Each structure stands twice: as C-alpha cells, then as structure tokens.
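Encoded as structure tokens, the structure appears first; notes follow it.
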Amino acid sequence: MHIIKDRGFTPGRGDIVTPKAVYARREFLMQAAAGGAMAAGFSAGPALAQTAAPGKLKPLSGAKSAVSGAVTMEKPTAYADVTSYNNFYEFGTDKSDPASRAGSLKPQPWSVVIEGEVKKPGTWDLDALLKLAPMEERIYRMRCVEGWSMVIPWVGYSLAELIKRVEPTGDAKYLQFVTLADKAQMPGLRSPVLDWPYVEGLRMDEAMQPLAMLAFGLYGEVLPNQNGAPLRLVVPWKYGFKSAKSIVRIRFVDKQPKTSWETAAAREYGFYSNVNPKVDHPRWSQATERRIGEDGLFAKKRPTLMFNGYEAQVGQLYAGMDLAKFY
Ligand SMILES: Nc1nc2c(c(=O)[nH]1)N[C@H]1C(S)=C(S)[C@@H](COP(=O)(O)O)O[C@H]1N2
Ligand SMILES: [Mo]
C-alpha cells in the first residue's frame, strides 16, 4: 500500500509478499503461437491470441496491436500473480484483499457517463463500449509506485477511440476518471484511507496518446473483478495508481482535476506520476523495481526505465517540463 493516513505506515519492501510458489505458472505462448503461424505460412491473423486464456472467465480476445510500443517482448507475469497481488483499496489495503473480497462487485449491468466539455455527452452501456472499436491485445509493462512491476496482456483499445466519438470542445483540456464507490459492493469504502470515489486524471494530449488504453480484459478473458471489471484505464508509462479501475464516469474539464492520491498526499503523488527512475518518492528510491514472479532469494532487482520504457512514444508530451517539479 502507499500510505495509511495518519498512521505513519511506510510502504515499500516490507509489504511485498512473495507470490505463492504453489501457483502453477502459465505458459507464455506468444513465441510458440507466432512462430507456428509463421512456419505454417500465415500472416499474423487478427484472431491470433498472443497469450493463452486461463479458462476462468468469459473469453475476450484481441488482435495484436499495431500501436507503437504496445507489445513488449518481455514475458508476461503469471495469471495467478496478476490476479492475486492487487491494489484496489475499495476492497481493502492488503494485496490479497481484492482477490478474496471483490466477488461482491457486480460488473454488469454497467454504464459509463460522459460529461463536461464534449459535444456528445451521454451514457454508454458496457455493450456499446465493447463494440466501439476493435479489441486489441497489448502486452504492457506496469510499474507500481511502491516499487514492484508486472507485465500484463491487456485486452481493449485506445482511450482515444472513445474521446474522438464524444467530440471534445476546445475547452476540454483534461479528463477526470471517476470510479465506482458503492458501499454495498465495496467493503473497503468503510475505511477513510482515501477520499471516495477514487478519482484520477490525464491531460488531453496524454489521454489521446494511443498507448493510453481502456481495458476490458486480460489474458484473453474479461477483467477479473480484482483487476477493475468491467473496464479500467491503463496508462503504462505512469505509476499504476493512474490506471483507475471500474470506471463509471469520465468528465472532460478545462482545469487540472483532482486525483485521490494527490488529495491524500500531494507531496508524494503528483498529478503526472510518470515513471521516472531519477525522481525519488520522498520516502524511497524509484531507481529499481522488483518484477513480481522474480522475487526469489537471488533475484536481482531491475533498473526502472524512464517513462517505464515508453520514452520513445511519450517523451515528447513532456518536452520542456521540469519533471522534478511536475512529478
Ligand atoms: N479504483 C481503483 N483503481 C485503482 C486502484 C485503487 O485502489 N482503486 N489502485 C491503483 C494502483 S496503486 C495500482 S498499482 C493498480 C493495480 O492494478 P492491478 O491490480 O490490476 O495490477 O491499480 C490502480 N487502480
Ligand atoms: Mo500502485
């Protein structure tokens, strides 16, 4: 966890538990699948899954994305780890809470309200959102501000697809994402650890960058509740807390919107929250990270990459900005 208000809790190494070794590792089939298709003389077909579906939830497949930087060749983190080591404070602050408690989340029926500075405000049903653009599988590195990382095969499409369809006005400079806050479904709301609902934001040009994604699934299936069903944001060049789960409302606004983590501790969690190994968190270094699944006794830490390795794609968005000031 990041912090617990007023209790001086220091996050970091201590709360990183070793993922249970008993979990079977899922085979990473990308090379095999791609190689096999290539050998058989097929071009990469649209339905060619890059990862094996675990067979737990409704299938949701996506074609390999052509967006620059959208498919890392790094090995995806095991499905068991992706779905059991989570931050989703609406269900509690322990890493295991979302997996054990998010069964009470009802991901359908679901709708998302679009409001503010757009020519086409309105309410989108989940079904309409699922059909809005072709689904893609994108394999992103994800870096939590706490110092751990994963590689996750998401299914979804660029947030820009939705933005274009609702036609932002000239005054739309930022987006605010509002997530579900329902005490009946979310036991963690009883604790005032954050200002509910959990809110996040992006600048318009960040939101339009094709890597910024609306995700509806992972590992070829719909999102497990603990990962933010039925839809969430995924912004791979920013710390994980920007990737808001279980979104119910998107506001187009003219001023930089408030975010839950900035409200909780502005000095520690800025609006931008770009992954940056040179800008330390006030209470710990951000220079290295622990890849979940590699944290055995002799596992080396990995160096954290500028913009989480997406500098070629997103660096220009921040040209001329002092990244120590706009952290
Ligand atoms: N609504 C909501 N979204 C959230 C969070 C949260 O507590 N509530 N935690 C964030 C943090 S800190 C991280 S690291 C990622 C974790 O996503 P994952 O559990 O799917 O890996 O979700 C982010 N999105
Ligand atoms: Mo995080």
Side-chain angles (χ1 to χ4, degrees), residues 1-4 11-12 15-16 19 76-102 105 107 112 139-156 176-182 185-189 191-202 213-219 221-250 259-265 268-269 273-275 281 284 286 289-293 304 308:
M1 67 188 68
H2 306 241
I3 57 159
I4 290 187
D15 71 319
I16 294 173
T77 302
Y79 180 84
D81 290 337
V82 171
T83 59
S84 68
Y85 189 86
N86 303 102
N87 275 333
F88 200 168
Y89 279 16
E90 288 86 333
F91 295 98
T93 53
D94 285 349
K95 295 286 177 280
S96 59
D97 284 339
S100 63
R101 299 166 89 187
L105 175 68
V112 177
I139 306 180
Y140 283 170
R141 278 182 299 277
M142 306 297 295
R143 171 59 155 81
C144 177
V145 72
E146 295 165 336
W148 50 270
S149 64
M150 297 194 191
V151 173
I152 303 183
W154 301 106
V155 183
Q176 186 182 43
F177 301 87
V178 184
T179 71
L180 184 70
D182 180 359
Q185 299 179 58
M186 301 171 137
L189 296 184
S191 157
V193 57
L194 287 173
D195 250 354
W196 312 113
Y198 190 103
V199 284
E200 257 307 333
L202 292 174
M213 183 182 189
L214 272 185
F216 300 83
L218 58 80
Y219 267 101
E221 299 181 353
V222 297
L223 285 175
N225 288 355
Q226 60 267 37
N227 295 93
L231 82 157
R232 68 175 298 172
L233 190 62
V234 180
V235 191
W237 70 94
K238 292 177 180 280
Y239 290 117
F241 66 88
K242 298 295 287 186
S243 295
K245 295 176 169 181
S246 304
I247 292 167
V248 293
R249 190 176 290 269
I250 303 177
T259 74
S260 289
W261 278 106
E262 206 181 3
T263 303
E268 307 194 2
Y269 311 104
S273 303
N274 289 312
V275 175
H281 183 281
W284 61 87
Q286 294 291 25
E289 66 199 58
R290 184 193 303 263
R291 180 67 52 84
I292 298 298
T304 286
N308 202 25

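Everything numeric here is computed off the predicted structure, so don't read it as measured data. Order of appearance sets the numbers: ligands from 1, and atoms from 1 within every ligand.
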Original post:
Should the ring pair Phe91 and Phe88 be called parallel, tilted or perpendicular, given that the plane angle runs from 0 to 90° and is split at 30 and 60?
Top reply: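 Answer is perpendicular, since the angle exceeds 60°.
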
**OP:** Please work out which of the three classes, parallel, tilted or perpendicular, describes the rings of Tyr269 and His281, given edges at 30° and 60°.
**Re:**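 The arrangement is tilted - the two ring planes meet at 30° to 60°.
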
Is there a polar contact, in the sense of an N or O pair closer than 3.5 Å, between [X] and ligand 1?
X: Gln226; value: no
X: Lys245; value: yes
X: Tyr85; value: no
X: Trp154; value: no

Original post:
Taking the six-membered ring where the residue is Trp, are the ring centres of Tyr89 and Tyr198 under 6.0 Å apart?
Top reply: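 Ring centroids of Tyr89 and Tyr198 are no less than 6.0 Å from each other.
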
State the atoms of ligand 1, each with its element, that fall below the 4.0 Å cut-off from a heavy-atom position in [X].
X: Cys144; value: 14 (S)
X: Phe88; value: 1 (N), 2 (C), 6 (C), 7 (O), 8 (N)
X: Arg232; value: 15 (C), 17 (O), 18 (P), 20 (O), 22 (O)

Within the 4.5 Å heavy-atom criterion, are [X] and [Y] side-chain neighbours or not?
X: Glu289; Y: Arg141; value: no
X: Ser273; Y: Val145; value: no
X: Lys245; Y: Asn86; value: yes
X: Trp196; Y: Met186; value: no

Original post:
Would you call Lys238 and Glu200 a salt bridge, using N to O less than 4.0 angstrom?
Top reply: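 No, this pair does not count.
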
Original post:
At under 4.0 Å between heavy atoms, which part of Thr179 makes contact with ligand 1: side chain, backbone, both or neither?
Top reply: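 Under 4.0 Å from ligand 1, Thr179 contributes side-chain atoms alone.
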
Subject >> Contact partition for Glu146 relative to ligand 1, non-hydrogen atoms under 4.0 Å >> reply: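 No part of Glu146 comes within reach of ligand 1.
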
Subject >> Candidate with minimal heavy-atom separation from atom 10 (C) of ligand 1, of Tyr239, Trp261, Tyr198 >> reply: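 Of the listed residues, Tyr198 has the closest heavy atom.
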
Original post:
With a 4.0 Å cut-off on heavy atoms, does Ser246 reach ligand 1?
Top reply: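 False for this residue.
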
